[in-house]
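Structure, as structure tokens:
Atoms considered below: every heavy atom in the structure, side chains included; atoms not considered: hydrogens, waters and symmetry mates. Here is how names work: the chains are called A, B, and so on, in the same order as the sequence lines, proteins then strands, and each is numbered from 1.
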2 protein chains.
Amino acid sequence: MNDFQIDMDEFLPLRDVVFNTLRKAILTGQLRPGERLMEVHLANKLGVSRTPIREAIRKLELEGLVIMIPRRGAEVAQITEKSLKDVLEVRKTLDVLSVELACERISEEEKKQLKEACEEFEKATRGKDASVIAKADVKLHDIIVDATGNQRLKQLVNNLSEQMYRYRFVYIKDESQHEKLIAEHREIYEGILAGDKQRAAKAAGTHIDNQEKSIISQIRLEKKR
Amino acid sequence: MNDFQIDMDEFLPLRDVVFNTLRKAILTGQLRPGERLMEVHLANKLGVSRTPIREAIRKLELEGLVIMIPRRGAEVAQITEKSLKDVLEVRKTLDVLSVELACERISEEEKKQLKEACEEFEKATRGKDASVIAKADVKLHDIIVDATGNQRLKQLVNNLSEQMYRYRFVYIKDESQHEKLIAEHREIYEGILAGDKQRAAKAAGTHIDNQEKSIISQIRLEKKR
DNA sequence: TCATTGTTGTTTGTATACATTATACATGGA
DNA sequence: TCCATGTATAATGTATACAAACAACAATGA
């Protein structure tokens with residue numbers, strides 16, 4: 001249990017390595033909501049001193065992934081149905097903004113990438129490997145936010161998306177939804193290519209709405225256990 | 001020069017005091033873009049050790065107010081016209097979302113507060129004291145985002161607003177704009193009270209557009225100097 | 001039995017010491 | 001003069017040491 005490990009490949013300050021490690025552990029659920037993050041413990045586990053651990057926690061704190069209790073330290077933030085609805089409400093708006101801006105600003109090169117990503121996604125769904133599908137999904141959305149040319153938007157959308165990383169697999173694993181997912185992606189893709197803002201925006205909206213449904217029902221399930 | 005001081009009133013961990021202090025110094029322009037934040041220097045200046053300084057910088061880093069250069073430390077992030085347009089593009093969308101949600105969800109109590117804040121703002125503009133006007137403006141917008149009941153939205157909108165804190169006074173000081181500002185606020189206020197999403201959203205949009213114009217022209221002025 | 005207080009251990013908060021690296025400047029040679 | 005190299009300095013990156021606060025639990029008294 002709790003067997004996350006540091007990724008030594010990276011050539012970064014330890015604080016950033018620790019930050020990425022803890023972040024991933026939280027987002028994938030290896031560190032559970034409510035779990036305390038004790039500095040010496042983490043330091044021993046990851047083989048570093050307390051300093052980089054603390055600095056990583058400061059960043060996680062600002063990102064909202066952990067909450068600080070004075071003189072008691074950090075613990076993994078609880079995810080409530082309410083907080084997730086809040087996140088999704090904002091994310092929906094920003095995703096819609098993204099595709100609208102993408103309609104206006106996408107380059108020819110990016111259009112090609114988008115087409116490839118779309119096909120890649122369809123292929124991935126046939127493969128049934130959830131992590132491959134998830135990756136293809138991320139790729140597709142990345143291309144869209146990149147096409148907006150708005151760095152800040154990209155950063156915010158990515159951040160909001162990652163808040164739901166834990167639940168990503170819920171709706172990706174559900175094969176009965178795959179056709180729907182493909183159709184939604186295709187609709188967004190075609191809307192952007194055609195420069196049809198309304199069409200793309202509407203598709204992006206329903207795309208999020210469907211995710212919301214899956215995730216919320218999953219949360220209710222977890223709550224009951 | 002550079003005469004910001006620590007605010008000792010606060011009863012918080014030093015890292016948070018330092019964070020707030022540096023943040024304010026950056027947002028008000030006391031720490032200029034490009035300026036290096038050297039740890040020992042700041043530590044001496046604020047009378048603390050390097051540790052809280054470093055932890056504060058980690059948070060500023062994640063917030064995008066400083067950028068880290070490996071082995072060289074932190075410096076205050078540059079604000080370019082592009083980065084500001086990016087911020088405003090996102091903020092406009094989120095402000096519009098805020099008033100739309102406020103239309104649906106505002107309580108009777110909040111309606112009363114909103115009315116008062118609106119009148120307060122009008123009174124403030126007659127007083128000509130920019131900081132009073134700014135405060136009334138913040139109050140008004142706070143009530144609106146609070147009325148959405150969406151904590152995440154509130155946090156993001158506040159953060160984006162603060163990015164432009166430096167330029168706030170530009171459009172607030174310009175008395176020729178006061179009538180327009182009052183009218184815009186009134187329009188937003190009445191739209192929300194009437195539950196008229198379209199009306200309120202449109203007003204909020206033009207409100208941001210006007211701010212954008214003032215701020216962009218100000219940036220171009222500063223650039224020329 | 002219950003409440004209060006004392007004590008001990010654990011954890012965070014802060015400071016400082018040590019290691020490493022980048023930069024600047026000087027020195028020497030072509 | 002210009003370039004290269006070496007050295008010194010100063011800053012960050014990391015580890016550790018010390019202080020203060022909190023929590024748990026035991027002991028004591030009513």
Side-chain angles (χ1 to χ4, degrees), chain A residues 2 5-23 25-26 31-78, chain B residues 2 5-23 25-26 31-78:
Chain A
N2 270 353
Q5 270 303 322
I6 217 160
D7 192 351
M8 286 301 283
D9 293 336
E10 318 219 30
F11 175 59
L12 283 170
L14 284 182
R15 58 166 180 270
D16 290 328
V17 178
V18 172
F19 173 66
N20 291 331
T21 304
L22 294 181
R23 190 164 193 286
I26 293 173
L31 285 169
R32 310 277 279 275
E35 193 166 336
R36 282 184 72 182
L37 299 178
M38 280 177 304
E39 299 170 1
V40 283
H41 180 224
L42 291 173
N44 292 333
K45 190 158 186 166
L46 302 180
V48 301
S49 78
R50 278 176 63 210
T51 308
I53 302 280
R54 287 177 65 83
E55 298 193 9
I57 289 177
R58 294 292 86 78
K59 298 219 265 182
L60 294 170
E61 178 191 355
L62 201 79
E63 210 176 19
L65 290 178
V66 309
I67 59 161
M68 292 302 302
I69 303 173
R71 280 265 155 212
R72 189 142 189 281
E75 59 183 51
V76 180
Q78 297 285 350
Chain B
N2 271 354
Q5 268 305 320
I6 216 160
D7 192 350
M8 287 300 283
D9 294 334
E10 319 219 31
F11 175 59
L12 282 171
L14 286 182
R15 59 166 180 269
D16 291 326
V17 179
V18 172
F19 173 66
N20 291 331
T21 305
L22 293 181
R23 190 165 193 286
I26 293 173
L31 284 170
R32 310 277 279 275
E35 194 167 335
R36 284 184 71 182
L37 298 179
M38 280 180 301
E39 297 170 1
V40 282
H41 179 224
L42 290 173
N44 292 333
K45 190 158 185 165
L46 301 180
V48 300
S49 78
R50 279 176 62 208
T51 307
I53 302 280
R54 286 178 65 83
E55 298 192 8
I57 288 177
R58 294 293 86 78
K59 298 219 263 183
L60 294 170
E61 177 191 356
L62 200 79
E63 209 176 21
L65 288 179
V66 309
I67 59 163
M68 293 302 302
I69 304 172
R71 281 263 153 216
R72 189 140 190 283
E75 59 182 52
V76 179
Q78 296 286 348

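- Distance CD/B:Glu61 to CZ/A:Phe19: 8.5 Å, rounded to 0.5 Å.
- Separating the CD1 atom in B:Ile53 from the NZ atom in B:Lys45 is a distance of 11.0 Å, to the nearest 0.5 Å.
- Nearer the 5' end of DNA chain D, as judged by each residue's closest nucleotide, is the contact made by B:Val40, out of B:Val40 and A:Ser49.
- If you walk DNA chain C from 5' to 3' and mark each nucleotide with an atom closer than 4.0 Å to a heavy atom of chain A, the marks span C:dT11 to C:dT14.
- The distance from the CG atom of B:Leu60 to the CD1 atom of B:Ile67 is 13.0 Å, given to the nearest 0.5 Å.
- Within the 4.5 Å cutoff, the side chain of B:Asn20 has heavy atoms near those of the B:Leu12 side chain.
- Taking the charged nitrogens against the carboxylate oxygens, A:Arg58 and A:Glu55 have no contact shorter than 4.0 Å, which rules out a salt bridge.
- Summarising the geometry, the separation between CD1 on B:Ile69 and P on D:dG13 is reported as 11 Å, rounded to the nearest angstrom.
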Extract all donor-acceptor atom pairs below 3.5 Å that involve side chains of residues 71-78 of chain A and protein atoms in other chains or at least two apart in sequence.
none

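- The CD1 atom of B:Ile57 lies 14.0 Å from the CG atom of B:Leu62; values are rounded to the nearest 0.5 Å.
- Contact check of residues 50-64 of chain B against DNA chain C (heavy atom, cut-off under 4.0 Å) returns B:Arg50, B:Thr51, B:Pro52.
- Rounded to whole Å, the distance from CZ on A:Phe19 to C1' on D:dG13 is 18 Å.
- Closest non-hydrogen pair, B:Ala56 versus B:Val18, comes out as CB-CG1, 3.6 Å.
- Within the 4.5 Å cutoff, no side-chain heavy atoms of A:His41 are placed close to those of A:Arg36.
- Taking five base pairs at each end of the helix from C:dT1-D:dA30 to C:dA30-D:dT1 and finding the rotation axis that steps the C1' atoms of four pairs onto the next four gives two axes whose angle is 10°, to the nearest 10°.
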(request) Using a 4.0 Å heavy-atom cut-off, write out nucleotides 20-25 of chain D from 5' to 3' as B (base contacted by protein), S (sugar-phosphate only) or - (no contact). (result) BSS---
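- Not a single side chain to side chain donor-acceptor pair (under 3.5 Å) links B:Arg15 to another residue, sequence neighbours left out.
- B:Leu42 places a side-chain heavy atom less than 4.5 Å from the side chain of B:Leu22.
- Atoms CG and CG, from A:Leu37 and A:Leu65 in turn, are 10.0 Å apart once rounded to the nearest 0.5 Å.
- With values rounded to the nearest 0.5 angstrom, A:Thr51 atom OG1 is found 9.0 Å from A:Glu39 atom CD.
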